[in-house]
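A quick write-up on the structure given underneath.
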Amino acid sequence: MTDSTDRNAASPVDPAAYDPAVVERKWQDHWEARGTNHTDLGGGASPFYALMMFPYPSAEGLHVGNLFAFTGNDIYGRFQRLQGHTVFEPLGYDAFGIHSENFALKVGVHPADLIPKNIDNFRRQLKRGGLMVDWRHELSTTDPSYYKWTQWIFLQLYKRGLAYKKRAAVNWCPNDKTVLANEQVIAGECERCGAKVEQRFLEQWFFRITDYAGRLLANLDWLDWSESTKLAQRNWIGRSDGAEITFRVQDLEEFTGTATIGIATGEFSANPIEIRVFTTRPDTLFGATYLVLAPEHPLVDGLTTDAQRDAVGEYKAATAKQDIVSRKVNKEKTGVFSGAFAINPATQQPIPIWVADYVLMEYGTGAIMAVPGHDERDFEFATVFDLPIVRVVAGPEIVDSHAPLEVAYTETDGGRLVNSGEFTGMPVADAKRAVSDWLAAHGQGRGVVNYRLHDWCISRQRYWGPPIPIVYCEKCGTVPVPESDLPVELPYVEDFRPGDDGVSPLARVESWYRIACPSCGGTARRETDVSDTFLDSAWYFLRYPSSDVDDEPFDPTLTRKWLPVTSYIGGNEHAVLHLLYSRFITMVLHDAGNIDFEEPYRRFRAHGTIVRDGAKMSKSRGNVVNPDEYVEKWGADTFRTYLMFLGPYEEGGDFRDQSIAGVRRFLDKLWTTVLESSTVGAADPQVMRKLHQTIKKVSEDIPALSYNTAIAAMMEFMNVVRRGNRDAHRDEVLPLVQLAAPFAPHIAEELWERAGGNGSVFDVRWPAYDPALAADELITLAVQVNGKTRGTIQVAPDATQEIAFAAAMAEASIAKFVTGPPKKIIFVPRRLLNVVA
RNA sequence: GCCGAAGUGGUGGAAUUGGUAGACGCGCUGGCUUCAGGAGCCAGUGGGCGCAAGCUCGUGGGGGUUCGAGUCCCCCCUUCGGCACCA
């Protein structure tokens, strides 16, 4: 009979006695009753704000991806608490928006009735997950006491001239019957339903985020964020350095007096004889053989000659009818000649002015100088319409600068100008500057910076959102709702379907929208659009600490103490939208003097996504993981730990049902080993050495979010503790309970209590790592001969090259490869010895 | 098309950042235990050759740098994300 038989038979604690359901219920009740997870916001020393992106409470319930995200944040937060910080880990619900509204429409239940139920379900599921959340600060964006302040933020922007209304071409989803932000249009289709997005013109509220483009970009340089996220933001902001160049239209007499130029935005010259273009390649000015205006460009009508008027009018009409998909996805070049010519300031030659939809009104000046020799699009257009193509840049290879180009030459590195008058021979980079300077000196241009970022359209012609706090008075015009009148409550209306005319459902509620003007008391009506969900989530982190404050959005003292957010964890799907908008709103509030910081999140880490059996989880595939089922079967501690074990947290991982058993086995072993551990005698120094190595590893891995390797290290230690069926000593395993606590908090509390620990394991300090105890007596050194590993030797950690070499040569299996006297010996202390013969 | 990330055993994934490739887990194989099944425990488990000691090959493919490359450089292939006529 073996030892293991005896051990199983005589075991005082049956492993089956670990019943996660019982343990988890017990500790969740204790935490609630004892306020273990309550944060002392006013008094806590060393505040640590561990924020996670709050979920949208869908009717389907908590997604395993949510739990993965929150668990990762929870482990980080619990670890920081064990390090002595006062950790604040709040949670709330992003419950406004088209998601909820569409679902409500589908099932025929009012969102105001549906959302509270969903939230209750979410809260139940989240609590089962054992998160260290201070539920006293829970919030929902749909609560009037919350969106009162969302509206207040709108008013702050309005006051500062950062909220404005304009009639604009917007992305219109014919299925959801609403306007979409550019960011919500994916390859010309609605992000939500996939319908082809059309162009419509509506009066919309915009935020001037473009005013902040430079700062939003510059601050990225010092933010401690995931690089991938910063890069996504940089690309989204899309800075390009170039020049604005003014072209004079030829034969100005022809236009003077006849042109009616709509100068709507002030961006265009009031003088109809000038066209301004933006280019990143001023160096190619000599190669500009024609100009192109966007069909919507305000100068088009004034420029067009009588002979071309019908053709241009027809083209404009065709473009306007086109939806954005065809316009942006269909890349065949179309266009029409305006009949007019402009003078190229460099060559002094007249060049034709064309109108084409490959030039977009919303970027740059809505007009370009076309350089077909060095731009692929222009090349294609010039080929279709038989316009001249001139080479003005050549690479280092010898070319005939007058030979026709087969394709556009877009290379700039090593290129020099040709056919460019006084600039010929100049390297491209120098020529960019030189041509810009030359233009500036002649009053025909200047260096400018352009951004791809557009202003943020926040209007939504929908029901389920905070009404925009604006009143239109017959006498006073646009009047902001006084702050004392907030919130503008969203009325409960039975018919909340979106109108298919682009008008908000609130416009059907006359009793609501007809009010007296807050300024003059005269006849007025409310704005009937609601604001974008992204505005709700752009400031929620400011509200959490002050969630119970009624008379202001955020208490100044609490805010100074707790913000900016110490650590933010969330999905990279919000890399541009939510993260950019919340940075913008924070900057505005900073500039308005409401807060003393301009960046909301000190540190941001993007977590990965979980797939199942190698495939994305989706309802249609039927491979969605329901957290309830798994928590039921394995326990929350096992489920949490498994989620963290299946891959690097920042990359995600592959959920496989089979593998979860391994984590449960680990917790089973933890249970029996701790409860059977001996308190008499002394701990084994070898095991204690491994323990301290494990403490070091886990302590380093958690802050780096390397949860999977931290768990592996604990498993490894467990194997050492149990090696050869030895009996563990309590001193060996009690620290392991602490190491495991952030991952598996319930079992850790239970074992801590049963093993005689005092109070909550989360009120004890993290075990200290002692380098002296962790130091190895002997280390294994790899021995290579000519770079090939031929064996290993055991030496003292401080062994010298001589000692190591002698030890290696004493091993016949190694020495036999060393045939002559060594030419060279490479010795890396504690790592390897390489003998080059 | 452009930008980004990544390709490692049967499998999820490790690898001190240029130093023993495959930690840890799953699965599999053998053994113990069990009425049986499961669970548990012990041992083994990259491929090839070999009874063995051992030899040899091996991190998507091809070249290179180096005493030494999964890691660095060049070219190519594949997959997954993001952007998409941005001048």
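Labels below follow one simple rule: chain letters A, B, ... track the order of the sequence lines, proteins then strands, and each chain is numbered from 1. Note that these values count all heavy atoms, side chains included, but never hydrogens, waters or copies made by symmetry.
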- Task: Scan N834(A) against the nucleic acid and name what it touches under 4.0 Å (heavy atoms): base, sugar-phosphate only, or nothing.
- Result: base

- Message: Hydrogens and angles aside, do Q794(A) and T780(A) bring a side-chain donor and acceptor to less than 3.5 Å of each other?
- Response: yes

- Task: Please state whether the phosphate of C41(B), meaning OP1 or OP2, lies under 4.0 angstrom from any side-chain nitrogen or oxygen of R722(A).
- Result: yes

- Contact class for Q658(A) (heavy atom, under 4.0 Å): base, sugar-phosphate, or nothing? sugar-phosphate

- Between G4(B) and U16(B), how far apart are the P atoms? Round to whole Å, please. 24 Å

- Item | Side-chain H-bond candidate by donor/acceptor type, R446(A) with S436(A), under 3.5 Å | no

- Indicate, with a heavy-atom threshold strictly under 4.0 Å, whether K230(A) touches base, sugar-phosphate, or nothing. nothing

- Using a heavy-atom cut-off of under 4.0 Å over every strand shown, decide if L231(A) touches base, sugar-phosphate, or nothing. sugar-phosphate

- Message: Determine whether V795(A) and L778(A) satisfy the following criterion, side chain to side chain contact (heavy atoms under 4.5 Å, CB included), listing intermediate values before the conclusion.
- Response: CA-CA 5 Å; V795(A) 292; L778(A) 284 177; 5.6 Å; no

- Side-chain N or O of N786(A) closer than 4.0 Å to phosphate OP1/OP2 of G68(B): no

- Of E716(A) and G791(A), whose nearest nucleotide on RNA chain B comes first from the 5' end? G791(A)

- R612(A) side chain near G12(B) phosphate (N/O to OP1/OP2, under 4.0 Å): no

- Note on the structure: On a heavy-atom basis, the closest approach of N344(A) and F247(A) is CA-CE2, 4.0 Å

- Determine the Euclidean distance between corresponding C1' atoms of C80(B) and C73(B); express it in Å to zero decimal places. 25 Å

- Task: Look at the side-chain N and O atoms of R665(A) and state whether any lies under 4.0 Å from the OP1 or OP2 oxygen of G40(B).
- Result: yes

- Query: Rounding to a whole Å, what distance do you find between R723(A):CZ and C42(B):P?
  - Reply: 12 Å

- Query: NA contact type, L832(A), heavy-atom cut-off 4.0 Å: base, sugar-phosphate, or nothing?
  - Reply: base

- Ignoring backbone atoms, test whether N719(A) places a side-chain nitrogen or oxygen under 4.0 Å from the OP1 or OP2 oxygen of G25(B). yes

- Looking across every strand, which nucleic acid part, if any, lies under 4.0 Å from T609(A) by heavy atom: base, sugar-phosphate, or nothing? nothing

- Item | Nearest-Å distance for atom pair CG/P, residues N708(A) and A23(B) | 15 Å

- For the pair made of NZ in K788(A) and P in A69(B), what is the distance, rounded to whole Å? 10 Å

- Query: With a non-hydrogen cut-off below 4.0 angstrom, is V828(A) in contact with a base, only sugar-phosphate, or nothing?
  - Reply: base

- Message: Taking any heavy-atom pair under 4.0 Å as a contact, classify D378(A): base, sugar-phosphate, or nothing.
- Response: nothing

- Query: Just by modelled atom types, is the Y409(A) backbone N or O under 3.5 Å from a matching donor or acceptor in the H374(A) side chain?
  - Reply: yes

- Task: Verify the contact: side-chain N or O of R790(A) to OP1 or OP2 of U56(B), cut-off strictly under 4.0 Å; return yes or no.
- Result: yes

- Reckon R656(A) touches a base, only the sugar-phosphate, or nothing at all at heavy-atom distances under 4.0 Å? sugar-phosphate

- Within the structure shown, what part of the strands sits under 4.0 Å from F817(A) by heavy-atom distance: base, sugar-phosphate, or nothing? sugar-phosphate

- Under 3.5 Å, is there a donor-acceptor pair linking the side chains of S228(A) and N572(A)? yes

- Message: Using a heavy-atom cut-off of 4.0 Å across all strands, would you classify T709(A) as base, sugar-phosphate, or nothing?
- Response: sugar-phosphate

- Message: For a quick test of reading the model: is some side-chain N or O of T789(A) closer than 4.0 Å to OP1 or OP2 of A21(B)?
- Response: yes

- Item | F666(A) CZ - G40(B) P separation (whole Å) | 15 Å

- Task: Considering just the side-chain nitrogens and oxygens of R830(A), establish if one lies under 4.0 Å of OP1 or OP2 belonging to U20(B).
- Result: no

- 5′-ward residue of the pair Q784(A)/S228(A) relative to RNA chain B: S228(A)

